[in-house]
Amino acid sequence: MNSESVLSCDRLWQNARLATMAASGVVEDGVIACQDSQIVYVGSRTEAPAFRAAEVVDCARRWITPGLIDCHTHLVHASDRAHEFELRLAGASYEEIALAGGGIVSTMKATRAASEAELVEAAVPRLDALIAEGVTTIEIKSGYGLSLDDELKMLRAARRLGEARGVMVKTSLLAAHALPPEFAGDADGYVAHICDAIIPAAARAGLADAVDGFCESIGFTPAQIERVFQAAKAHDLPVKLHAEQLSNSHGAALAARYGALSADHLEHLDDAGVAAMACAGTVAVLLPGAYYFTRETLPPPIAKLRAAGVPMALATDCNPGTSPLSSLLLAMNLGATLFRLTVEECLAGITREAARALGILDQVGTLEVGKSCDLAIWDIERPAELVYRIGANPLHQRVWRRH
Ligand code: DI6
Ligand code: FE
């Protein structure tokens with residue numbers, strides 16, 4: 001081979017088994033070449049062009065997957081709610097605690113009292129736990145500020161976490177999470193404030209990548225959420241929704257009508273909601289950590305979602321009230337055992353489908369040429385081990401672009 005046909009790259013991983021999560025599937029004797037933080041070749045060694053690499057890594061037949069993506073978290077918040085957990089163990093329900101002034105509003109008080117730097121500091125250990133398992137992209141919501149200044153403070157803290165650690169952060173403005181005390185009895189007034197002040201300010205500051213809401217009997221009605229969605233659209237922001245978690249408010253169908261990236265939770269989703277999501281291509285984000293921790297008994301209609309071809313993602317929902325979970329590996333195990341997801345669905349749910357749920361499948365989520373070189377390299381014999389083990393972390397190395 002003459003020297004002109006030798007390509008240069010920054011880094012080359014070889015002797016690896018690849019779970020590409022793309023059409024190429026599994027590659028047994030695989031090679032990945034990275035140049036300027038992008039994948040420039042991925043595939044079998046025998047078909048690879050000749051590379052001159054600044055750094056060559058022998059993977060000793062370890063498995064490589066795309067870097068993991070946690071597409072639904074409330075990572076930024078102050079304090080915890082361990083005392084409410086004890087109340088629930090003694091018989092109180094999540095709704096009862098929320099109605100008695102606990103729940104989201106108790107985290108709101110702590111979050112309002114914290115500075116931006118304190119919010120970053122509190123979230124770093126949770127982020128580091130996720131990163132230690134190979135997470136390279138994370139979505140972080142606001143929703144515990146519930147005022148203009150405090151919602152923006154949360155979003156700035158989320159952006160700063162992305163700068164503090166090598167990880168891509170996508171933010172979602174979740175001002176429509178709960179009613180703050182200063183708007184007690186005036187949910188419509190708060191929704192107007194969200195639409196007229198909070199969404200425009202977040203959009204102007206470039207702090208929100210999407211707008212989210214909590215459509216629920218203890219949250220906001222579909223009519224209120226629709227106004228939030230209209231304001232989001234007016235600012236060119238994509239929408240997503242916490243829907244059908246505790247009851248059926250037909251939020252998923254509403255989200256689908258607005259072309260939502262995702263509808264999340266979905267335990268109480270009905271057939272019309274499944275059909276609407278399938279038609280709109282809205283991703284179902286499944287959150288088995290919240291289902292487990294709140295001791296829900298009705299799982300989302302997985303078989304119907306699967307049959308209708310609704311893409312399914314999996315996430316931690318890391319939050320202090322219903323899912324104090326900072327492990328995507330455990331989220332997969334819970335998804336398999338509690339929701340009967342297949343291993344393939346679990347792995348796709350924290351890579352390809354999670355990227356789809358964030359609207360960034362063109363950049364991350366699979367091992368394909370042109371995507372960011374975000375990799376997780378595993379000490380395993382087969383990918384099923386990532387779903388099967390409980391409390392083990394077989395990550396060998398995480399690669400985030402140049403890092
Ligand atoms: N659904 C949830 O599971 C979280 N938010 C939501 O809308 C719970 C948030 C919390 O209890 O703090
Ligand atoms: Fe959530």
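Using a 4.0 Å cut-off between charged side-chain N and carboxylate O, Arg45 and Asp29 make a salt bridge. Using a cutoff of 4.0 Å between basic side-chain nitrogens and carboxylate oxygens, Glu385 and Arg62 are not scored as salt-bridged. A salt bridge is defined here as a Lys NZ or Arg NE, NH1 or NH2 lying under 4.0 Å from an Asp or Glu carboxylate O, and Asp128 with Arg165 meets this definition. Look at Asp317 and Lys141 and you find no salt bridge, because none of the NZ, NE, NH1 or NH2 atoms lies under 4.0 Å from a carboxylate O. For the pair Arg398 and Glu133, the salt-bridge criterion is not met [side-chain N within less than 4.0 Å of a carboxylate O].
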Worksheet item: Hey, mind stepping through Ser142 and Glu151 against side chain to side chain donor-acceptor pair (under 3.5 Å) and telling me if it holds?
Response: CA-CA 6 Å; Ser142 66; Glu151 287 289 295; 2.5 Å; yes
Discussion item. I'd like to know whether Thr20 forms a side chain to side chain donor-acceptor pair (under 3.5 Å) with Ser24, so could you lay out the CA-CA distance, the side-chain angles of the two residues, the decisive distance to 0.1 Å, and finally the verdict.
Written reply: CA-CA 7 Å; Thr20 66; Ser24 53; 3.0 Å; yes
Worksheet item: Should Ser262 and Asp264 be marked as a side chain to side chain donor-acceptor pair (under 3.5 Å) after you check the CA-CA gap, both sets of side-chain angles, and the distance that decides it?
Response: CA-CA 6 Å; Ser262 70; Asp264 304 33; 2.7 Å; yes
Worksheet entry | From CA spacing to verdict: salt bridge (charged side-chain N to carboxylate O under 4.0 Å, His left out), Asp150, Arg112 | CA-CA 6 Å; Asp150 292 300; Arg112 283 184 176 180; 3.8 Å; yes
Discussion item. If you apply the rule salt bridge (charged side-chain N to carboxylate O under 4.0 Å, His left out), what do you find for Arg159 with Asp209, and how did you get there?
Written reply: CA-CA 11 Å; Arg159 290 270 192 250; Asp209 298 319; 3.1 Å; yes
Discussion item. Test side chain to side chain donor-acceptor pair (under 3.5 Å) on Thr342 and Glu344; report intermediate values, then the result.
Written reply: CA-CA 5 Å; Thr342 66; Glu344 171 71 26; over 6 Å; no
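Checking side-chain atoms of Thr282 against main-chain N and O of Ala260 turns up a donor-acceptor pair under 3.5 Å. Asp70 places a side-chain N or O within donor-acceptor distance of the main-chain N or O of Thr316, the cut-off being under 3.5 Å. A donor-acceptor distance shorter than 3.5 angstrom exists from the side chain of Thr73 to the backbone of Leu75, with no hydrogens or angles considered. Checking side-chain atoms of Lys153 against main-chain N and O of Thr111 turns up a donor-acceptor pair under 3.5 Å. One N or O on the side chain of Trp63 and one on the backbone of Glu381 form a donor-acceptor pair closer than 3.5 Å. A donor-acceptor contact shorter than 3.5 Å links the side chain of Lys371 to the backbone of Leu361. Checking side-chain atoms of Gln397 against main-chain N and O of Ala376 turns up no donor-acceptor pair under 3.5 Å.
The residue from Glu121, Glu118, Glu116 that alone fulfils the salt bridge (Lys or Arg N to Asp or Glu O under 4.0 Å) condition with Arg160 is Glu116. Exactly one of Leu18, Leu367, Thr65 qualifies for a side chain to side chain contact (heavy atoms under 4.5 Å, CB included) with Leu375. That residue is Leu367.
Closest non-hydrogen pair, Gln14 versus Val31, comes out as CB-CG2, 4.1 Å. Across all their heavy atoms, Leu314 and Pro288 have their closest contact at CD2-CD, 3.5 Å. Ala122 approaches His77 most closely through the heavy-atom pair CB-O, 3.9 Å. Closest approach of Val76 and Met154 over heavy atoms only: O-CE, 3.0 Å. Heavy-atom minimum distance, Ala157 versus Leu119: CB-CB, 4.0 Å. Here the closest heavy-atom approach between residue Leu328 and residue Leu130 is recorded as N-CD2, 4.2 Å.
In this structure the side chain of Phe51 reaches within 4.5 angstrom of the side chain of Val40, judged on heavy atoms. Counting heavy atoms from C-beta on, the side chains of Ile360 and Gln363 come closer than 4.5 Å. Considering only heavy atoms from C-beta on, Cys34 stays 4.5 Å or farther from Tyr41 through its side chain. Side-chain atoms of His83 and Arg88, non-hydrogen and from C-beta on, never get closer than 4.5 Å to each other. Under the 4.5 Å side-chain criterion, counting only non-hydrogen atoms from C-beta, Asn333 is not in contact with Tyr388. In this structure, the side chains of Ile64 and Trp378 stay at 4.5 Å or more apart for every pair of heavy atoms. Side-chain contact check for Glu55 versus Asp10: every heavy-atom pair is 4.5 Å or farther apart. Side chains of Ser37 and Cys373 form no contact here, defined as non-hydrogen atoms less than 4.5 Å apart.
Remark: Asn15 engages Asp58 in a side-chain hydrogen bond (donor to acceptor under 3.5 Å, both in side chains) (not counting sequence neighbours). Annotation: side chain to side chain contact (heavy atoms under 4.5 Å, CB included) contacts of Ala129 (sequence neighbours excluded): Ser326. Scanning for side chain to side chain contact (heavy atoms under 4.5 Å, CB included) contacts around Ala192 gives Asp196, Arg227, with sequence neighbours left out. Taking Thr337 as the reference, nothing meets the side-chain hydrogen bond (donor to acceptor under 3.5 Å, both in side chains) condition, with sequence neighbours excluded.
Note that CZ of Phe183 and NE2 of His193 are 5.0 Å apart. Values are rounded to the nearest 0.5 Å. For the atom pair CD of Gln230 and CD1 of Ile199, the computed distance is 10.5 Å after rounding to the nearest 0.5 Å. Glu216 CD to Leu241 CG: the interatomic distance, rounded to the nearest 0.5 Å, is 10.0 Å. To the nearest 0.5 Å, atoms CD1 (Ile350) and CD1 (Ile69) are separated by 9.0 Å. One distance of note links OG of Ser327 with CG of Leu329; it measures 5.0 Å at 0.5 Å rounding. Atom CD1 of Ile138 is separated from atom CD1 of Ile131 by 8.0 Å, given to the nearest 0.5 angstrom.
With no hydrogens or angles considered, a side-chain donor-acceptor pair links Glu84 and Ser106 at under 3.5 Å. At a cut-off of 3.5 Å, with distance as the only test, a side-chain donor of Ser172 or Glu139 sits close to an acceptor on the other residue.
Aromatic ring orientation, His242 versus His72: perpendicular (interplanar angle above 60°, classes split at 30° and 60°). Between Tyr190 and Phe220, the two ring planes are tilted [angle within 30° to 60°].
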Can you give each donor-acceptor pair under 3.5 Å made by side-chain atoms of residues 265-276, sequence neighbours left out, with the distance rounded to 0.1 Å?
| unit_1 | atom_1 | unit_2 | atom_2 | d |
| --- | --- | --- | --- | --- |
| His268 | NE2 | Leu246 | O | 3.2 |
| Asp270 | OD1 | Ala272 | N | 3.3 |
| Asp270 | OD1 | Gly273 | N | 2.8 |
| Asp270 | OD2 | Asn248 | ND2 | 3.0 |
| Asp270 | OD2 | His250 | ND1 | 3.4 |
| Asp271 | OD1 | Lys304 | NZ | 2.9 |

Please tabulate, for side-chain N and O atoms in residues 291-299, each donor-acceptor pair with protein atoms closer than 3.5 Å (sequence neighbours left out).
| unit_1 | atom_1 | unit_2 | atom_2 | d |
| --- | --- | --- | --- | --- |
| Tyr291 | OH | Thr297 | O | 3.4 |
| Thr294 | OG1 | Ala290 | O | 2.6 |
| Glu296 | OE1 | Leu298 | N | 3.3 |

